[in-house]
Enquirer: 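Let me begin by handing over the structure; questions about it come next.
All figures in this text were calculated on a predicted structure; none of them were measured in a lab.
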Amino acid sequence: MNLLFFQSIKYFIGVLMKTFKSALKITLLFLVAISVGFIPPKPDEGMFPLSDIAKINLNEKGLKISVDEIYNPNAPSLVDALVRIGGCTGSFVSKEGLILTNHHCVFGAVQRVSTLEQNYLENGFYASDKNSEIPVEGLTAKITVSYEDVSKEVLEAANQVSDVSERSKAISKKISEIVNREQEKDSSITAEVSEMFVGEQYVLFRYKTIRDIRLVYVPPRAVGEFGGESDNWIYPRHTGDFSFVRAYVSPDGKTSTFNEKNIPYNPKKFIQINKNGIDEGDFVFILGYPGRTFKHFPSYFVSYHNNYQLPYIQELYAWLINYYTKLGENNPEFALEISSTIKGLANTEKNYRGKLQGIRNLNLIENKKKEEEELQKFIDSSPELMGKYGTVLGELNEVYNDAFKSGRSLFVLNALRMFSDNYKLAYLFVDYKTEMTKPESERKAEFKEANRNKVINDINNWFAQRDLEIEKDVLDKILLDAAKFDELKDIEPFKSINNASDKQKFIDELFKFDLLKDQESFTPKFLDENYKLENVKDGFVNFVKQLYDFRNSEFKKQQIRDGKVNILMAKFNEVKKLWLKKSFIPDANSTLRLTYGYVKGYSPRDAVYYSPISSLKGMIEKSYWGGDYQIYHKIKELYSKGELGNYVHPKLKDVPVAFIYNTDTSGGNSGSPVLDAYGRLVGVNFDRSFEATINDYAWSDSYSRSIGVDIRFVLWFADKVSGAKELLKELKVN
């Protein structure tokens with residue numbers, strides 16, 4: 001709307017005011033209606049599975065293409081361009097298997113192929129031809145081929161067991177049978193059964209897994225991680241969080257590990273890039289593989305997370321980040337080696353901090369309790385409902401009260417398994433010797449003869465990577481913390497730590513190894529059938545044996561709780577649907593989902609408003625802050641020369657870097673393509689705002705904002721900074 005238009009409106013209204021006052025009211029109402037029409041509507045909360053996409057009426061929300069172009073089981077569609085890469089999402093953007101995802105999604109892969117002399121993590125990497133692309137061992141890409149509801153089969157198996165503690169085991173066993181059956185029928189696919197609703201719906205997904213993935217283009221760390229942990233889970237962002245990899249298959253199109261004869265994979269569909277990007281108010285949608293969410297769980301579940309899981313892990317990870325960072329300050333080799341671990345810890349630590357804040361700010365637990373009080377009134381209103389659902393909330397309360405008694409127990413034990421190689425070795429020894437007293441058919445799968453080589457390989461790796469000084473410091477932290485917890489302080493071996501006159505000396509004594517002193521002492525006795533647990537003189541192993549018995553006890557309790565929750569949650573959600581008179585979207589579970597929304601700013605707190613698009617100017621401004629804001633030198637050079645090319649946002653008069661939108665996303669959506677109304681790629685999702693970390697429990701249009709890197713920044717950096725002409729040619733944007 002230009003100045004002339006507004007002047008005309010002003011003149012027209014002036015005439016009406018003089019002659020037709022009643023008509024003026026109608027005209028003003030008409031103008032208000034027009035202006036409201038420009039305000040983006042509120043999107044539906046949710047991460048919609050493939051089966052629900054057609055039910056959303058996306059064309060009424062702003063989609064300009066047919067819904068069949070997004071998902072069509074009978075023809076190629078946009079979902080065929082999506083891949084699950086590691087714990088993230090990626091999308092095919094060329095017919096030659098080129099995948100666009102996040103820098104942080106391939107961070108670990110880049111770190112593994114980097115050295116101090118050839119540091120691709122710090123300096124970036126670009127393969128100007130396919131022969132220069134770097135294969136990455138262990139990185140895979142999964143493509144959803146088909147899905148099928150197998151709830152009846154799974155639940156029939158679950159309902160056959162009378163012992164509630166065996167229910168989860170029966171479900172796991174049946175899922176394994178289904179997976180094995182499907183993969184035997186078709187060896188080219190990977191099968192997974194995903195729980196859509198606890199105790200209610202289970203869906204079999206078939207994936208094509210591509211095992212030869214190669215690095216193509218990775219920006220320098222100063223770009224892909226600009227802002228570091230200071231900006232992680234924060235908006236405004238100025239992070240170029242993108243990378244390109246390529247999928248390869250054997251010449252006959254079958255999946256294969258790296259082989260020089262492999263050829264680029266030809267996807268059924270790849271996504272076109274819209275180099276003009278987005279603007280405020282635009283409709284966008286995301287396809288991806290969001291991780292676990294808990295929106296349908298009761299207040300007791302959120303209380304458990306709020307009181308135990310979130311604060312324990314957040315505090316432990318904060319300590320580990322600080323500890324590992326200090327160790328790396330004067331040890332560049334260790335710093336490179338540990339960089340991926342620190343990044344993962346930091347991501348979770350800040351996410352959990354945000355969740356704790358979100359639960360508090362939203363008063364989420366109390367609000368859920370009030371909702372459950374209303375739900376109970378609804379149940380009490382009908383004898384029929386009372387008969388079927390009357391005790392559901394009370395029984396759920398009992399289950400979680402039992403979980404509160406266990407508190408942080410399993411989290412402490414899991415932390416020991418994650419961060420102590422000594423604990424892994426000692427636990428493996430105790431577990432193996434215990435299982436070997438059983439017949440082969442009754443042993444855990446990992447201890448059957450067929451898997452012996454894998455066990456030996458684990459032992460080799462753990463001995464090779466353990467650092468006794470680090471081990472001792474980390475063990476000090478975990479054990480001394482745990483000994484203070486009310487739920488653990490009177491249980492062995494934590495009771496002995498508390499009773500020790502010198503707690504530090506008690507832990508130091510554990511490191512006077514016998515069995516664990518070296519691999520030459522450990523492995524022969526591990527494999528010796530005549531060397532029994534009672535022969536062990538190693539104090540650390542005997543200490544872990546107490547933890548082993550305690551873990552088995554806690555795990556049994558958890559199995560009973562899981563079995564009960566499996567039954568109760570099905571009833572809880574069933575009656576909730578009756579009360580609300582609507583169906584639910586299943587919680588996210590790393591299966592392919594769609595979410596939609598609009599490019600939209602927000603106000604995170606009083607007197608603060610964030611506009612939805614950031615720019616290069618903001619990146620330059622942040623660079624003067626130092627610290628995490630070390631800018632890649634060529635960016636400043638090009639910006640000062642005004643070399644912005646054809647990538648300028650017409651309103652900002654600058655290259656846009658990141659933008660926000662009110663979609664419902666979660667972990668796993670990292671790397672998801674942000675698509676415009678015509679299904680073209682306009683950005684790459686990489687984060688949420690700090691306030692939106694609560695998305696895993698609840699979503700709100702007022703605070704839930706996801707963050708993506710603008711495709712114009714990706715193209716500008718590739719073109720002007722890296723000179724990646726062949727890449728741009730393949731993307732068909734020149």
Enquirer: Taking NZ, NE, NH1 and NH2 as the nitrogens, is one of them in Asp696 or Arg688 under 4.0 Å from a carboxylate oxygen of the other?
Expert: yes

Enquirer: Determine the interplanar angle of the Tyr661 and Phe659 rings, folded into 0 to 90°, and report it as parallel if under 30°, tilted if 30 to 60°, perpendicular if over 60°.
Expert: tilted

Enquirer: State whether Lys634 and Glu637 are salt-bridged, where the test is any N-O pair (Lys NZ or Arg NE/NH1/NH2 against Asp/Glu carboxylate O) under 4.0 Å.
Expert: no

Enquirer: Are Ile711 and Asn274 packed together at the side-chain level, in the sense that at least one heavy-atom pair is separated by less than 4.5 angstrom?
Expert: no

Enquirer: Run the salt-bridge test on Arg246 and Glu133 with the 4.0 Å N-O cut-off and return the result as yes or no.
Expert: yes

Enquirer: Measuring from Phe713:CZ to Thr239:OG1, what's the distance to the nearest 0.5 Å?
Expert: 9.0 Å

Enquirer: For the side-chain contact (heavy atoms from CB on, under 4.5 Å) test, which of Thr89, Ile213, Ile99 pairs with Val83?
Expert: Ile99

Enquirer: Hey, what's the ring geometry for Tyr147 with Tyr71, parallel, tilted or perpendicular (30° and 60° as the breaks)?
Expert: tilted

Enquirer: Would you kindly check if the NZ (Lys) or CZ (Arg) of Arg84 is within the cone defined by 45 degrees around the ring axis of Tyr207 and under 6.0 Å from the six-membered ring centre?
Expert: yes

Enquirer: State plainly whether the residues Asp231 and Lys622 are in salt-bridge range, i.e. N to O under 4.0 Å.
Expert: yes

Enquirer: Should we say atom NZ of Lys732 is surrounded by more than 12 heavy atoms from elsewhere, each under 6.0 Å from it?
Expert: no

Enquirer: Identify the residue among Lys343, Gln630, His103 that makes a side chain to side chain donor-acceptor pair (under 3.5 Å) with Glu225.
Expert: Lys343

Enquirer: Among pairs that include at least one residue of residues 85-119, which meet disulfide (SG to SG under 2.5 Å), considering only residues two or more places apart or in two chains?
Expert: Cys88-Cys105

Enquirer: Check whether NZ of the Lys or CZ of the Arg Arg214 lies under 6.0 Å from the centre of the six-membered ring of Phe258 and within 45 degrees of that ring's axis.
Expert: no

Enquirer: When the ring planes of Tyr317 and Phe419 are compared, do they come out parallel, tilted or perpendicular, using 30° and 60° as the limits?
Expert: perpendicular

Enquirer: With a 4.0 Å cut-off, would you call Asp473 and Lys477 a salt bridge?
Expert: no

Enquirer: Would you please classify the geometry between the Phe226 ring and the Tyr629 ring as parallel, tilted or perpendicular, with 30° and 60° separating the classes?
Expert: perpendicular

